[in-house]
2 protein chains.
Amino acid sequence: MNQESRRALIRKLVASRGECSVEQLAVELGVSGMTVRRDLQALCEDGRLIRTHGGATLGERATFEFAFLDRVNKNQEAKTAIARAAVRLASDARSVMLDGSTTTLAVARQLRGRSGLTVITTSLPAAAQLQHEPGIDVLLPGGYIRSASPDLTGSLAETNLELLRAEIAFLGADAVDDRGNVFTNPPDNSAVLLKMAASAQRVYVVADHTKLGKPALRRFGQLTQWAGLITDEACDPDFVDQLQQLGIGVIVAPFE
Amino acid sequence: MNQESRRALIRKLVASRGECSVEQLAVELGVSGMTVRRDLQALCEDGRLIRTHGGATLGERATFEFAFLDRVNKNQEAKTAIARAAVRLASDARSVMLDGSTTTLAVARQLRGRSGLTVITTSLPAAAQLQHEPGIDVLLPGGYIRSASPDLTGSLAETNLELLRAEIAFLGADAVDDRGNVFTNPPDNSAVLLKMAASAQRVYVVADHTKLGKPALRRFGQLTQWAGLITDEACDPDFVDQLQQLGIGVIVAPFE
DNA sequence: ACAAGTATGAACAGAAATGAACTGAATGTC
DNA sequence: GACATTCAGTTCATTTCTGTTCATACTTGT
């Protein structure tokens, strides 16, 4: 029994029973619980099942569900703080753009309950969060769904974003250095991000404190061109000073 | 009973009864009231139900989700049979269009495992089903997410569909009458359906036996214009005869 | 055959879930 | 409007689960 067939069998067992415990799977497959956990983690990252404490279940993907992504989310507290600050900035906006990062997903969650708002987003989880909000229209620009993460990319997305306009855009960054350069990691789609930035009157970069002060692979913009950075209060104050001396607006969101 | 399935069960119980008390849930689930409270809070934060004093009621979002799941689960066997026949017709197609009906969602499920395929769909659940298939590219035409059902509509969707082409399209119908007229119920988006039909080389209407022999509110097409109808073996043979005498191709899919 | 990389399992430390007890808030009753 | 009752939410202890780390076995490519 190799890894691949074992994982296939786990998928089958979970699919047929709807739910399996780690221990149960370990006994049935004749491997240790540790191995089962690693398998479940891998399958969960692929979105093939939903990890639970003690086991795994089948997601209700008959509906448009991306809730399982929330659990993968790191630094939830910081992102929620940033999101609260972000929606405050957008309090009178009637159109908001959100990219496909996990930080902007937190923004989407904070937008719930708003009315008279159109949200343009490439993020399918954000769309799922907002689809049933009575006061919010969700507009997807279309495009290919990236296999690595549930958001839209490609020339169709770019072309459509050129035709759309929003009052404010929130873009997630994988890294921000002390010169105000904003980075993303491939295979992230910097082209789509740039189209979003070009189509919004005000552009804020959202990045929690773990993203600050280091570069990443692909530079896609400069904070001096945009409205500023929103980060959380666990960040380094010296870093914030440096950016502010460059004339960059920095908003430090407090925790609850 | 782990957390995930317990919360799923709570959702079901609240959905079926409209309202549940904390104490009632605690007894039925065999957990403490404290655990129920924590579950309810989590579900409430996700917008899945509305917390009340002493219990919880159904929120708007949950209402939509369960209404959609009901539709998905209706005549599941027939829809699966139709879907199997559909993917056989599309066995050498490299591009497939799927609309947002529950029958075409079954087609999406049957497409899993295929490779070298691009699926163009307005259905967000279908997209969710296929997003992790390594051999399948999922292309969304964009547009507004309808509030009543999770699919895309609006002029953006229509414009983009005009630019796209597929070898074969499967469109769900709410009704097919004995003259070959194909109907949809408002607020279904017949404009998007027509754009899909116009952009595909072969167009099949998929409709289980409960949809046959009756009209619905909005006529959006005629089977004689298209490649034919796929239905299931529980249909009325006389009805099939009538359509065939009009020169319409009818495929009757057998159950497993 | 050898070496590099991968998979596996054991042990342990940290995290999460749960329930009990307690305090504070909301609702209903008189 | 005051009181009683019920409910909610915090805190803490207990249990269970998770994931890191490390050592070993296995697989794969050269």
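Throughout, a chain's letter reflects where its sequence line sits, starting with A, and its residues are numbered from 1. Values in this document were obtained by computation on a predicted structure and should not be read as measured data.
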Give the minimum heavy-atom separation between A:G180 and A:L243, together with the two atoms involved. N-CD2, 3.7 Å
Over all heavy atoms of both residues, which pair between B:I168 and B:A93 is shortest? Give the atoms and the distance, please. CG2-CB, 3.9 Å
Can you see if the side chain of [X] gets near the phosphate of [N] - specifically, an N or O under 4.0 Å from OP1 or OP2?
| X | N | value |
| --- | --- | --- |
| B:Q41 | D:dA8 | no |
| B:R38 | D:dA8 | no |
| A:R51 | D:dC17 | no |
| B:Q3 | C:dT18 | yes |

With the threshold set at under 4.0 Å for non-hydrogen atoms, list the residues of residues 30-37 of chain B touching DNA chain D in residue-number order. B:M34, B:R37
Using atom [atom1] of [X] as one end and atom [atom2] of [N] as the other, report the distance to the nearest whole Å.
| X | N | atom1 | atom2 | answer |
| --- | --- | --- | --- | --- |
| A:R6 | C:dT8 | CZ | P | 4 Å |
| B:E19 | D:dC7 | CD | C1' | 14 Å |
| A:L25 | C:dT8 | CG | P | 14 Å |

Just to be sure I understand the rule, does B:T52 reach a base, reach only the sugar-phosphate, or reach nothing, if contact means heavy atoms closer than 4.0 Å? sugar-phosphate
Name all residues meeting the salt bridge (charged side-chain N to carboxylate O under 4.0 Å, His left out) criterion together with A:R6; count only those two or more places apart in sequence or in a different chain, and write none if there are none. A:D39
For atom CD of A:E28, is the number of surrounding heavy atoms from other residues, nucleotides or ligands below 6.0 Å larger than 12? yes
Can you tell me if A:R219 has over 12 outside heavy atoms packed within less than 6.0 Å of its CZ? yes
Measure up the B:F64 and A:H132 rings against each other and bin them: parallel (under 30°), tilted (30 to 60°), perpendicular (over 60°). parallel
d(A:L43 CG, A:R38 CZ) to nearest 0.5 Å is 14.0 Å
Which one, C:dT27, C:dT18, C:dT8, comes nearest to the side chain of B:H53? C:dT27
Based on the rotation axes of five pairs at each end, what angle does the helix from C:dA1-D:dT30 to C:dC30-D:dG1 bend through, to 10°? 50°
In sequence, state the C-alpha distance, the side-chain angles, and the governing distance for A:R202 and A:E167, and then conclude on side chain to side chain contact (heavy atoms under 4.5 Å, CB included). CA-CA 6 Å; A:R202 285 185 293 160; A:E167 295 171 35; 5.6 Å; no
Decide yes or no on side chain to side chain contact (heavy atoms under 4.5 Å, CB included) for B:L25 and B:L40, but give the supporting numbers first. CA-CA 10 Å; B:L25 288 169; B:L40 292 183; 4.2 Å; yes
